[in-house]
Amino acid sequence: MTAAVTATAPLATRSPADIRRAWIERDEVALLDAREEGPYSLSHPLFAVSVPLSRVELLAYDLLPRHDVPITVYDDGEGYAEPAARRLQALGYGDVTLLEGGLAGWIAAGFEVYRDVNVPSKAFGEWIEHHRHTPSLPAAEVKALLDAKADLVILDARRFEEYRTMSIPGGISVPGAELVKRVHDIAPNPETLVVVNCAGRTRSIIGTQSLVNAGIPNRVAALRNGTIGWTLAGLTLDSGREGRFPEVSADGDAAGRRAARAVADRAGVGRIDAKTLDRFRGDERRTLHLFDVRTPEEYEAGHLPGFRHAAGGQLIQATDEYVGVRGARIVLADDPAGGGGPRADMTASWLSQLGWEVHVLEGDVSALGSESGPDRRRLPPEPEVGAETIAPRDLLALLENGEAAVIDITRSPRYRAGHIPGAYFSTRARLAGTIARLPKGVRPVLTCGDGTLTRYAVADFTLSHLSGGQRPLLLAGGTKGWVAAGLPLSTDLDRLGGEPDDVYKRPYEGTDNSAAAMQGYIDWELELVDQLKRDGAHNFHVI
């Protein structure tokens, strides 16, 4: 724990039944899992959000924008929940409790637990397919159509970066929220078959059903099981493709707007103007999340102040990575000239069916102003602990003399991709143990990507924690500063330690997944509908 989070008063607890009741009654509550993402992915309640003790300061302000929102923290007996809760209190959160009995208490109460990540969104996709019978085609049939040069288009509903890594031959990148906006230009002939794919199932189901809901005249089908299904069928994926959606025409945009508006209205989406937004912002009883659902490039060029970027398809796919409070209020913006638009309407239609109160900002928003640049994390003030920094070249000299050891607390995939030669990997939550294992007399030096996390982590140590009364040094500028100084990185994994558990290896990302892992993932998704039926606390509805 940091010196700042030391506290003597015991933390109150909240029962699993109280959390579940809040979900059912749509009351605001945040249930946070303080473990690393790996253990979280093995077992957690449906709407639990991963906020590891190691990264509380990096995640809290974005996920939990209202400081008096009810927050309950848990672990599975590892000892992370209480220090995470104390850290949240130190950040200004006033209603922080521990889950009675932790994860074991939730299970003992007879409530459902789920594996994997982004589970509410993935389970919702399966719920939609189950109730709407979303059409799909197997990989072999789509391949036969391609070989026969049939009249079809393949639209990849993932992020462009995922599409570029691996894609269906001939497919183009049309991230989920763009589908209804652009399909009228991409497939103007109603005889053209439109096939929507993702890596697994969720985004292709939601994308396909979006086009069905929008009433386009074309036949539409999901590529069954996405790139996983394609690979398991023994077919080859492309990589490095650059095929993006074309610019939208005036007629295509108008058609998309009409269709998306009708779908959003059917889903019960609210519509607000700038004046109502001001009222929402002033409502201290409700958590408010503001999102701009356009492409990253459009957002960077200009967006409304206070709106975070969340491309609509990703906001549906991974809502728990953007919104930490079940029961929160969400406002979406699209067209900066008038607030609303087809991407906001379609995204809002799905969020509403996911059980959120969601509104689209419309009308004259000029009074709200504009700003440009990429989205940035909202971070709390850095602790004032008088941490010493060391320049990269000075660190190099200490390393060459055996006087220092670098400990990298970045996320493990980034460490694998390149780290300071000889650096140890550690999660922040286990940092004290890593330092304790260093040779006597060696000064620990902390680094991470840009140094941000190390400036919070150094406050975890009082002088009494370390022999000789020394806090760790901080590498100025983090590993990016090392690279900027012209110093090399290493991909040697001798000091990675055991298999890291800070990141769950998703079997639908990357190109090196085993067939067993991919098939297991598909099998798991297909079981989610039965779990939701047993659970009964999700508040999903289908239009």
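None of these values were measured; they are calculated from a predicted model.
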Centroid-centroid distance, His44 to Tyr40, less than 6.0 Å: yes
Donor-acceptor check, side chain of [X] to backbone of [Y], threshold 3.5 angstrom: yes or no?
X: His419; Y: Ser490; result: yes
X: His359; Y: Ala348; result: no
X: Tyr299; Y: Ala311; result: no
X: Arg428; Y: Ile409; result: no
X: Asp375; Y: His309; result: yes
X: Gln353; Y: Ser349; result: yes
X: Asn118; Y: Asp320; result: no
X: Ser121; Y: Gln317; result: yes
X: Gln209; Y: Ile128; result: no
X: Asp75; Y: Ala34; result: no

Would you call [X] and [Y] a salt bridge, taking side-chain N to carboxylate O under 4.0 Å as the test?
X: Arg115; Y: Glu527; value: no
X: Asp334; Y: Arg257; value: no
X: Glu298; Y: Arg343; value: yes
X: Arg21; Y: Asp27; value: no
X: Glu162; Y: Arg203; value: yes
X: Arg219; Y: Asp151; value: no

If you compare all heavy atoms of [X] against all heavy atoms of [Y], which two are closest, and at what distance to 0.1 Å?
X: Val529; Y: Glu126; result: CG2-O, 3.5 Å
X: Pro120; Y: Leu46; result: CG-O, 3.2 Å
X: Leu493; Y: Arg416; result: CD1-NH1, 3.8 Å
X: Cys448; Y: Asp408; result: CA-OD1, 3.7 Å
X: Ala30; Y: Leu64; result: CB-CD2, 3.7 Å
X: Glu300; Y: Ser372; result: O-CB, 3.3 Å

Nearest 0.5 Å please: distance from the [atom1] atom of [X] over to the [atom2] atom of [Y].
X: Leu32; Y: Leu53; atom1: CG; atom2: CG; value: 12.0 Å
X: Arg266; Y: Ser352; atom1: CZ; atom2: OG; value: 11.5 Å
X: Arg241; Y: Ile168; atom1: CZ; atom2: CD1; value: 10.5 Å
X: Phe291; Y: Leu304; atom1: CZ; atom2: CG; value: 14.0 Å
X: Leu277; Y: Ile272; atom1: CG; atom2: CD1; value: 5.0 Å
X: Gln314; Y: Thr347; atom1: CD; atom2: OG1; value: 11.0 Å

Hey, what's the ring geometry for [X] with [Y], parallel, tilted or perpendicular (30° and 60° as the breaks)?
X: Trp106; Y: Trp23; answer: tilted
X: His130; Y: Trp127; answer: tilted
X: Phe540; Y: Phe47; answer: perpendicular

Is there a side-chain contact between [X] and [Y] (heavy atoms, below 4.5 Å)?
X: Ile172; Y: Val153; value: no
X: Val113; Y: Leu103; value: yes
X: Glu78; Y: Glu36; value: no
X: Leu223; Y: Ser204; value: no
X: Tyr74; Y: Asp33; value: yes
X: Asp76; Y: Pro39; value: no
X: Phe425; Y: Asp502; value: yes
X: Leu152; Y: Leu146; value: yes

Mark yes or no: Arg326 above the aromatic ring of Trp356, with NZ or CZ under 6.0 Å from the six-membered ring centre and no more than 45 degrees from the axis. yes
May I ask you to check if Arg20 and Phe111 form a cation-pi contact, with NZ or CZ under 6.0 angstrom from the six-membered ring centre and within 45° of the axis?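 Yes, Arg20 sits over the ring of Phe111.
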Worked verdict on Arg55 versus Arg411 for side chain to side chain contact (heavy atoms under 4.5 Å, CB included): CA-CA 10 Å; Arg55 306 179 69 230; Arg411 306 193 84 183; 3.7 Å; yes
Taking atom types as modelled and ignoring hydrogens, do the side chains of [X] and [Y] form a donor-acceptor contact shorter than 3.5 angstrom?
X: Tyr504; Y: Asp116; result: yes
X: Thr452; Y: Asp450; result: yes
X: Glu525; Y: Thr202; result: yes
X: Asn213; Y: Ser210; result: no

Do other residues, nucleotides or ligands put more than 12 heavy atoms under 6.0 Å from Glu247 CD?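 Not more than 12 within 6.0 Å, no.
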Is Arg414 atom CZ crowded by more than 12 heavy atoms from other residues, nucleotides or ligands, each under 6.0 Å away? no
Any chance you could lay out the salt bridge (charged side-chain N to carboxylate O under 4.0 Å, His left out) test for Arg534 and Asp530, step after step, and finish with the verdict? CA-CA 6 Å; Arg534 293 195 302 268; Asp530 287 339; 5.6 Å; no
Between Phe280 and Arg329, is a side chain to side chain contact (heavy atoms under 4.5 Å, CB included) present by the stated rule, with each step listed? CA-CA 9 Å; Phe280 282 0; Arg329 175 182 282 157; 3.3 Å; yes
Walk me through whether Arg244 and Glu178 qualify under salt bridge (charged side-chain N to carboxylate O under 4.0 Å, His left out). CA-CA 11 Å; Arg244 293 178 183 259; Glu178 306 291 333; over 6 Å; no
Which residue, Val51, Val323, Leu58, forms the side-chain contact (heavy atoms from CB on, under 4.5 Å) with Leu63?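 It is Val51; the other options fail the test.
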Any chance you could lay out the side chain to side chain contact (heavy atoms under 4.5 Å, CB included) test for Met166 and Arg158, step after step, and finish with the verdict? CA-CA 11 Å; Met166 57 179 181; Arg158 299 171 296 163; 3.9 Å; yes
For a side chain to side chain contact (heavy atoms under 4.5 Å, CB included) check, start with the C-alpha distance between Tyr114 and Leu528, then their side-chain angles and the critical distance, and finish with the verdict. CA-CA 9 Å; Tyr114 298 76; Leu528 285 169; 4.0 Å; yes
So which of Lys181, Arg261, Arg271 actually passes salt bridge (Lys or Arg N to Asp or Glu O under 4.0 Å) with Asp345? Arg271
